[in-house]
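First up is the structure itself, then whatever we jot down about it.
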Amino acid sequence: MAKSTRKTTTSRSSATTRSQAAAKKAAPKAKASNGGSAATVPAAGMAVTDEVAIQVSSMNKWYGDFHVLRDINLTVNRGERIVVCGPSGSGKSTLIRCMNRLEEHQEGQIIVDGIELTNDLKKIDEVRREVGMVFQHFNLFPHLTILENCTLAPIWVRKMPKREAEEVAMEFLTKVKIPEQAGKFPGQLSGGQQQRVAIARSLCMNPRIMLFDEPTSALDPEMIKEVLDVMVDLAESGMTMICVTHEMGFARKVANRVIFMDEGQIIEQNEPGEFFDNPRSDRTKLFLSQILH
Amino acid sequence: MSDTLRPEDQLGGGLPERAPPPSTVGIQGWMRENLFSGPINSIGTIVAIGIIVWLLPGILEWAIFDATFVGVDANGDGSITRKDCLVENAAGLMTLEGACWVLVYVRWEQLIYGFYGSDGSIWRPTIAFVGLLLAIAPLLFDKVPFRRALLWFAFAFPFIAVWLLGGGEWKLSSVLVFYGLIVAILPLLFDKMPGREILLWVTKIYPLFIAFLLFDAILDTLLGFSIWNTLLGPLAVWEFSPLPALAEVSTHKWGGLMLTIVIGMVGIVLSLPIGVVLALGRRSTMPAVRLLCVIFIEFVRGVPLITLLFMASNMLPLFFPEGIELDKLVRALVVVVAFSAAYMAEVVRGGLQAIPKGQYEAADAMALTYWKSMYLIILPQALKIVIPGIVNSFIGLFKDTTLVLIIGLFDILGMAKAAVTHANWIGLAREAYVFVGVVYFIFCFSMSRYSIWLEEKLNTGHKR
Amino acid sequence: MSVSSTTGETSGGSWLYDPKVRSIFAQVVVVGSVVALFYFIIHNTAVNLEKRGIASGFDFLWEPARYDVTGGFLNVRSTQTHWDAFMAGLLNTFIVAVFGCLAATFLGVVMGVLRLSKNWLVSKLAAVYVETLRNVPVLLQILFWYGVFILMPKPKQSLALFDMFYFNNRQFLGPKVFFGDTPALSAAEQEAMIHRMGEVKYNKLVEASGGVENVPAALAESVKPVFGTGSWILPVSLIIAIVGVVLFRRWAKKRQENSGEQLPVFWISAGTIVLFPILCVLLSGTAVNVQYPELIGFNFVGGASIPVAFMALWFALSTYTATFVAEIVRAGILAVNYGQTEASFALGLRSGQAMRLNILPQALRVIVPPLTSQYLNLTKNSSLALVVGYPDVVGTIGGITLNQTGQAVECIVITMAVYLFFSLVISMFMNWYNKRIALVER
Ligand SMILES: Nc1ncnc2c1ncn2[C@@H]1O[C@H](COP(=O)(O)OP(=O)(O)OP(=O)(O)O)[C@@H](O)[C@H]1O
Ligand SMILES: [Mg+2]
């Protein structure tokens, strides 16, 4: 485990781009502004560093002839929490799925933790080890118990001893408040519990970045909160997070930035207070009026 | 505006849609994606091309380019045989270079009609086949011209076909049993038809009549006394043709593709309703009925068809009193129908199990009788679910018709087998069996495509 | 029958509408009819058998068969009993069923996976294979392959491969390996062989083997154990290897639990099971004799020989059944939600690991039940052996014995019982399996 962390750190330093330099310049100011606005200030532990976690530059993606992502430029710093929203079909899922190479992009660059995503299977493996992902439909493994769901990847990917993997898994299951369900099968759990297991399962790999693709949109209202609570806790621990969600309360509470996408493009991005209270583009206004009634 | 925004990340949008890079679309992109997307993929492509290059030219040469198609008496020995396909090879020997399709050419009539032609009445099965196509069309497709009229025809077709193919004169009881069925079923199929009330009476009497005849037959064999014969006297033995008279063609002359289709069609038409009854029986609340159905279904599904056919040809004669001789074809038909009905029952049972309990309860709540609730509510839904399974059973049945050759019926495969054992055609097994294989493939493949088409059609209909 | 009785709408006392009464009445009618039918059948059968002078019962099984069972894997001479012929048939059915299922599974899994390949050409080729063969009757395919195989050259002109394998229109031959010392022929066996192949051929065989004492006893019968004295080393070392592998797996699991390190368990196990017995045989100095097929006169003697009828049957059955297996495998893999693959990838699993750890275990639940019924189908279809003269159960007891003795009822009952037994065993397995996976699910 320690070995792989070291490796990524060294390779990270080699990745230098123009926008990274720009990000470094912007970072101190960002800290200052965070300290200023009390209402939306994240807790003290949620510091954004000037280290770049994900760098997407001039990225384009097509499905066949369909231009689904158009010229995406995005830099995510370590510790940053980003919420992505936008109308259905705007390419939000596609964007974050490109970040762990569940989808392939055709043009531009994606650098995650200093590793550029190309066809190189080794690099893809490295990135996926450091990037956790939570899906809309949980995608738990139905033939394995909750505990086995959580230990599978640590054992097979991190080569962790089973005992240790189980200890780690129990720790995270406790964090998401369902240690007592460890012996059950996913089919026996409620949707909210399943999604929390899915989060714990990702965390067991000890990722440095977490991607969430509408984690609450398949859930009943009373279960949404239990999942969001877990995500807030996670944010407070300083995890770098990119969340596709339409939970605006959550966005206001934890996000550093909200990104609005439409037609495969990033239309507008801003810190949450500004974004919701003072949207600038017409399309953002229209979208917000629709989801906020 | 917050400071977290980077200068290059501000208001965006308005980018036009661009065409993808040329290497990812078009033929090039398609090949990259589908044939050469990685090293393993590329090896796969090369191996596949290798297999095609290895097999295809040889097959084409054998089947087409080097083949002899038309039977001319090439060597002038007065008859057309395999010898007319021989060519001289490099060593000066006479050998077969390509396929000798002359076998099919010469034996065409037998492969299609069996020995039916010896009576010079091949027009009868030919017309029956055209009739079959006309009868099937409205059942398969919604948009057929004159669909209503054709549906009536389809209904009457089995009765016409029996007359066309079999001909001959019948006893009064057979006529009543067979053609009475039309009259009995008609009012069940058509709600608004003239004289339905009267016909419904026939429907009610018909099963009683059949039961009476069965009872009478048993009485006759055990005691030698028949009520029917006694009542009707000479009328009972009088034979006549219910439709315009045609010469009788005995079933042992039936053969070839015609026989295959006859067995297949009878199997298809009868196995579904019997299968439905068996499936309902298996889910019945009456333990005795359930047990009987389970025993029948599991027994038939547990043994090979060939043993059942042996049973029909070796044991069935023992089951009946001496003197009663069952037609070989009828015996085979009974077995084929029973066999596929058992499989059909399991398919239908799957559909019945998939219907939510609420539907059964709703039907009960409407105070429908058991049969009405099944007929009106449960079965239409259940059968629709299992259409692919039903068609698969039909395909299986159609392929299984080949087994009748083992008990000495000459279906198309039997005819081909007979042909290749004849001295004139020795060594032409490949040609004969490839031909028969192509015929079967056409039938079975179109059935499976039809089922896929129907499934898609029904699915979209469901969504809307 | 129950139709008319349950729907009868004629009015009567109110008890007529009591569902209980109706149900009992209907059942009595149904059972009564069936009993009557059986009475009718049994009565007639008894009368007919008496007229033909056939005594019912199974005593005929112990009488001489008066026909040879050849062309299978166990030859039975005409002086042996019907029971012996039946046993040979059973063995032949069993062999073709087992080897057919193995080959069909292998080919079917390969084809099913290839059909899902991202490579367009490969998946289309697999589709052509599946769609063509599954839409042609298996009986036709058996006859076709038989027709192709018997078009091969006569034994004298056999196609040879490395002077070890021979293919001709009668059999496929290969070397046969004998473990341990094979005893020379006893005098009686020598006599039997001379009687069977004629003096000239026998002398040639002796010459070819380098002396009477070198003619392996296994030649006296087409199938005799290939294990001579001293060959106990083979099974013993195999058992040791298996036990060793089991222990090794346990140890490897423990080791993983404690240290996280993983070994290529599968390859080590497979290698041990294959190599260890071979090593033991070689090191212990057990005699290993390889006997090659030898053309003597117009026919081959010795070696391992597989009759053409079996080849045609086996080939047709397995390629035909493989098409169904391929569809089952394909459907099984497709039945697993793609989200499972994506979740595995997102956790960092390689595609092979994702397949082995998550996709296959889930797909197997969908695959195994229909797969077992395909095995059953193959077993039942093996009865078509009849058309190529491979002596299976149906060919022996259900065919020649039936025709010779006229004991139709008994012979068919025995034949059916064999298949019903297979069906029963398979459905018991299926129930057990379904229960097991149901337990895991919830
Ligand atoms: N595998 C695919 N092949 C072709 N088109 C696709 C594929 N996946 C997504 N698309 C298309 O790409 C567009 C973007 O899809 P995406 O799933 O990223 O949208 P989204 O913003 O996540 O929408 P939603 O809020 O509904 O999840 C959609 O128009 C969709 O139809
Ligand atoms: Mg989405």
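These figures come from a predicted structure and were not determined experimentally. Just so we're on the same page: letters track the sequence lines, and every chain starts at 1.
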**OP:** Assess whether salt bridge (Lys or Arg N to Asp or Glu O under 4.0 Å) is satisfied between Lys123(A) and Asp113(A), documenting all intermediate values.
**Re:** CA-CA 11 Å; Lys123(A) 291 199 170 156; Asp113(A) 245 1; over 6 Å; no
Subject >> Asn60(A) portion near chain B, given a 4.5 angstrom heavy-atom threshold >> reply: side chain
Original post:
ring-ring contact (aromatic ring centres under 6.0 Å, His included) between Tyr343(B) and Phe339(B): does it pass, once the steps are laid out?
Top reply: CA-CA 7 Å; Tyr343(B) 282 81; Phe339(B) 186 74; 4.9 Å; yes
Subject >> Portion of Asp65(A) that has a non-hydrogen atom of chain B nearer than 4.5 angstrom >> reply: both
Original post:
Is the cationic atom of Lys285(A) (NZ for Lys, CZ for Arg) positioned less than 6.0 Å from the six-membered ring centroid of Phe287(A) and within 45 degrees of its normal?
Top reply: no
Original post:
Between the side chains of Gln381(B) and Gln359(B), does any donor sit under 3.5 Å from an acceptor?
Top reply: yes
Subject >> Interface moiety of Phe275(A) toward chain B, non-hydrogen atoms closer than 4.5 Å >> reply: neither
